[in-house]
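The structure appears below as structure tokens.
Everything numeric in this text was worked out from a predicted model, so none of it was measured.
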Amino acid sequence: MNRSKSLAATSKSITAMARKRSSKTTLIFFLLLSLLAFLSFLPLFASLPYLPSYSHSHDLHFHLPRHQRLHRRQKIGVRKFEIAEDKFWKDGKPFQIIGGDLHYFRVLPEYWEDRLLRAKALGLNTIQTYIPWNLHEPEAGKLVFEGIADLVSFLKLCQKLGLLVMLRAGPYICAEWDLGGFPAWLLSIHPDVRLRSSDPAYLQKVEGWWGVLLPKAAPLLYGNGGPIIMVQIENEFGSYGNDKAYLSHLVKLARGHLGEDIILYTTDGGSRETLEKGTIQGDGVFAAVDFTTGDNPWPIFKLQKQFNSPGKSPPLSSEFYTGWLTHWSEKMARTDADFTAAALEKIMLQNGSVVLYAFEFQMAHGGTNFGFYNGANTGADESDYKPDLTSYDYDAPITESGDVDNAKFKGIILLWLAEYTWIRRIVYGHGPSFGVKREAAFSIAAAYIHGNSTSVYEYCGLQYNYSFKQSILSEIDAHVDGHCNLIATILGNWKKTGTVSFGWLLFIAENMTIRRVVGKFSSVTLPSVPPNNKKTGYGSIQLKRTAFLFDLLDEIDPLHIVEAESPTAMEYLNEMFGFVLYVSEYAAKTGGSKLVIPKVHDRAQVFISCSPEVNGWQVSYVGTIERWSNQAINLPNVKCVSSTSLFILVENMGRVNYGPYIFDRKGILSSVYVDGSVLKRWKMISIPFHNLNEVPKFNPVIQVASKFHEVSAGKNLEHKSVGVEGPSFYTGHFSIDTKTEVTDTYISLRGWGKGIAFVNEFNIGRYWPTSGPQCNLYIPAPILRQGENVLVIFELESPNPELMVDSVDQPDFTCGPGQVSVHQNEDGKASASLLTSNPLGLRTF
């Protein structure tokens, strides 16, 4: 019985095994048939045309080791910007940063979109911008994020236009901006705060500022759905100090507000010394470099890798200088378009297909130093002072007014076309490496910029000097021959007429690269280049003098006058910008006296007068003491009955923004000596005006000037100061027809001396045509209005004899007295220095 059950069980087992073998055999047979069928169709698959893709990251993905491929797969579909394998990665795909600096605080908000679109047409995918602390907190505890300071709106606009953002959060920014972006009220704190250091008093202020700023930026980080891919810590600190505790504290603050995923970065010059001092190794902070168009980038990028973790060093120059700043009394800085393009070409060609490089234009668009926010530089010592122009044109591809009709802008576009169509279509496995084709696009750009056709014709003769597969070569011939004929026709036209259509150049650049050569690849289409904004010259504007500064002194409320034994710095008077009038008295000598002010920041005009009871504030100008050429002034004997009144009008011309002398208080910063004796008992009157992004503030002098004008209007003035020169207010009106479009314009101040100008109560900045090179001030259309417009000028020296200014339609940087000293250095770079003008003779007002 038991045996029978065992046999039965064995029989069932054998039957089951037989079934399994049969199924396995069937499966193997089916797989073999499938394989044979697949192999038989391989030739057919091979003959099918290649299907292009908009992305090359897929090809790179399958060339990675398996564990890296799995890692990448996990990231695909995740919104993330990161660094790995010495590349930038955006959402799991390699990304090339092509960026440029564009400062929202140098462009009116109404023009932000216009300038961003022009930057995008230049080929940029990323905007880098600073955040100036002083713009957003002009007074301690008073925070401003509206108007031109509406940072969040600017960032959201970048995102709307498809532009990523690299945010330079400071707290120090440099940027040729007053005090490097620090609020000047930091200089009024006692004891002195040590800027850019681990001084607890300074860090406390930074923590307060970042505690407001960074939470505004956090929702706009890339990982949170915004455009910000990187945030910079400090700026070029390696050129200033060596305080790792300070830098690490900033990193800790930033991480606390922004989280661990955002890329923090530093920027320093491309030398070992600056990188050693300015980078923050071990804290997961990416070290970027900056350099000029004259530097060889590759040794610098190689050095950069030593200051980043392995695999965490994509070559990035966060400031690639396409131009340079200009100081008053210098020749306008210009960088040749061909020089800039050659430097870009050097980076592109050397980098080739090996490494995705990235760099930022400094600047893509400069803009304007409206108000009093221009910065300044120093040389060997703090007295070697060089204030910046009102214009921040920077010789950028996009000019101060947004113009793009220039060789630099067009040449860069052509280079980008070459790079886009070449690198992004060929080097990632989409066909053979046609080196000649890439060079062709650069040749087109060079031909345009240099103004000759040699390089293009050379290219057209080179196509047969390279060995390619015959099947590919025939396709190249079919396209290239036609293009060479087209080039010959167009350049022949060029020689006859001197002009060539930029549209044709773009067409050639695109077609001579990859997009249509083989006919297999999709195009990268840049936005169309916007036309230049229209500008109008509204004609001559007649002005009249509405008030003389010294006529107003008797009308000022004594509560607005500060008295002290010694002169007081502007910041201690709670005055951050503009002017301060210092008043004292001295006993004149028969043979005259000598005035010495060892330290004045920045420019002091000196006047003397007998008591008002005798001559009613009739003052005489005796000379100017300038920070950069401090000299004693001889005070003549004016034979006053009693003591002689001394008036010193000191102008703050912009605080130093870079270097060891950044702690730059303004006003009279030392004792004042007359004939070797210290002058005591001073009165100080602030004349601040309003600055950028400020509602016109109460100012006793301005208020009195306004009332003086109201009282005197319609009367035949017989005041002693009428008809003379000196610090005075002038007002003029001009109209724009209600049926006429309001456009940009410029105010030409040729023939005037030095001062500041306001249009419709907007502070458009300083003018100084007698020093140059800037003659005209840029007036964006949003400042103007249809109907009546009001121009107010505060002229410090000599007005145009006809009291006339002109509204014109173009910039002018050819002013100056001809006393500019330009030196050619051994490296071929030009440098200029301010020359001291002879003090003017005694002049009575």
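Inspection of the Thr399 and Asp393 side chains reveals no N or O donor paired with an N or O acceptor under 3.5 Å. Residues Tyr246 and Tyr202 have side chains that bring a donor and an acceptor to within less than 3.5 angstrom of each other.
Of the possible polar contacts, none joining the Tyr104 side chain to the Leu155 backbone as a donor-acceptor pair under 3.5 Å is found. Arg194 places no side-chain N or O within 3.5 Å of a backbone atom of Ala201 that could act as its donor or acceptor partner. In this structure a side-chain-to-backbone donor-acceptor pair under 3.5 Å is present from Gln304 to Ala287. Judged purely by atom type and a 3.5 angstrom limit, Asp664 uses its side chain to pair as donor or acceptor with the backbone of Val656. In terms of modelled atom types and a separation under 3.5 Å, the side chain of Trp177 and the main chain of Pro132 share no donor-acceptor contact.
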**Prompt:** Arg106 and Asn369: side chain to side chain contact (heavy atoms under 4.5 Å, CB included), yes or no, with the steps?
**Reply:** CA-CA 6 Å; Arg106 285 186 163 115; Asn369 293 319; 2.8 Å; yes
**Request:** Please assess Leu186 against Leu195 for the test side chain to side chain contact (heavy atoms under 4.5 Å, CB included), listing each intermediate value before the final yes or no.
**Result:** CA-CA 9 Å; Leu186 288 174; Leu195 303 177; 3.9 Å; yes
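Looking at residues two or more places apart in sequence or on another chain, you find a salt bridge (charged side-chain N to carboxylate O under 4.0 Å, His left out) between Glu571 and Arg655. Scanning for side-chain hydrogen bond (donor to acceptor under 3.5 Å, both in side chains) contacts around Asn224 gives an empty result, with sequence neighbours left out.
Applying the salt bridge (charged side-chain N to carboxylate O under 4.0 Å, His left out) test to residues at least two apart or on different chains, the pairs with a partner in residues 300-310 are Asp86-Lys305.
When side chains are defined from C-beta on, Ile229 does not count as touching Ile263, because their heavy atoms never get closer than 4.5 Å. Between Leu151 and Phe105, the closest side-chain pair of non-hydrogen atoms is not below 4.5 Å.
Relative to the ring axis of Tyr222, Lys80 does not place its NZ or CZ within 45° and under 6.0 Å from the centre.
A distance of 10.0 Å separates OG1 of Thr326 from OH of Tyr392, quoted to the nearest 0.5 Å. Lys205 contributes atom NZ, which lies 12.0 Å from atom CG of Leu203 (distance to the nearest 0.5 angstrom). Taking CG of Asn134 as the reference point, atom CZ of Phe577 lies at 5.5 Å (rounded to 0.5 Å).
Within 6.0 Å of CG on Asn760 lie more than 12 heavy atoms contributed by other residues, nucleotides or ligands.
Between Arg196 and Glu234 there is a salt bridge, since at least one side-chain N of the basic residue sits less than 4.0 Å from a carboxylate O of the acidic one. Between Lys535 and Asp403, at least one side-chain N (NZ, or NE/NH1/NH2) sits under 4.0 Å from a carboxylate O, which counts as a salt bridge. Electrostatic pairing of Asp101 and Arg168 counts as a salt bridge here, judged by a charged N lying under 4.0 Å from a carboxylate O.
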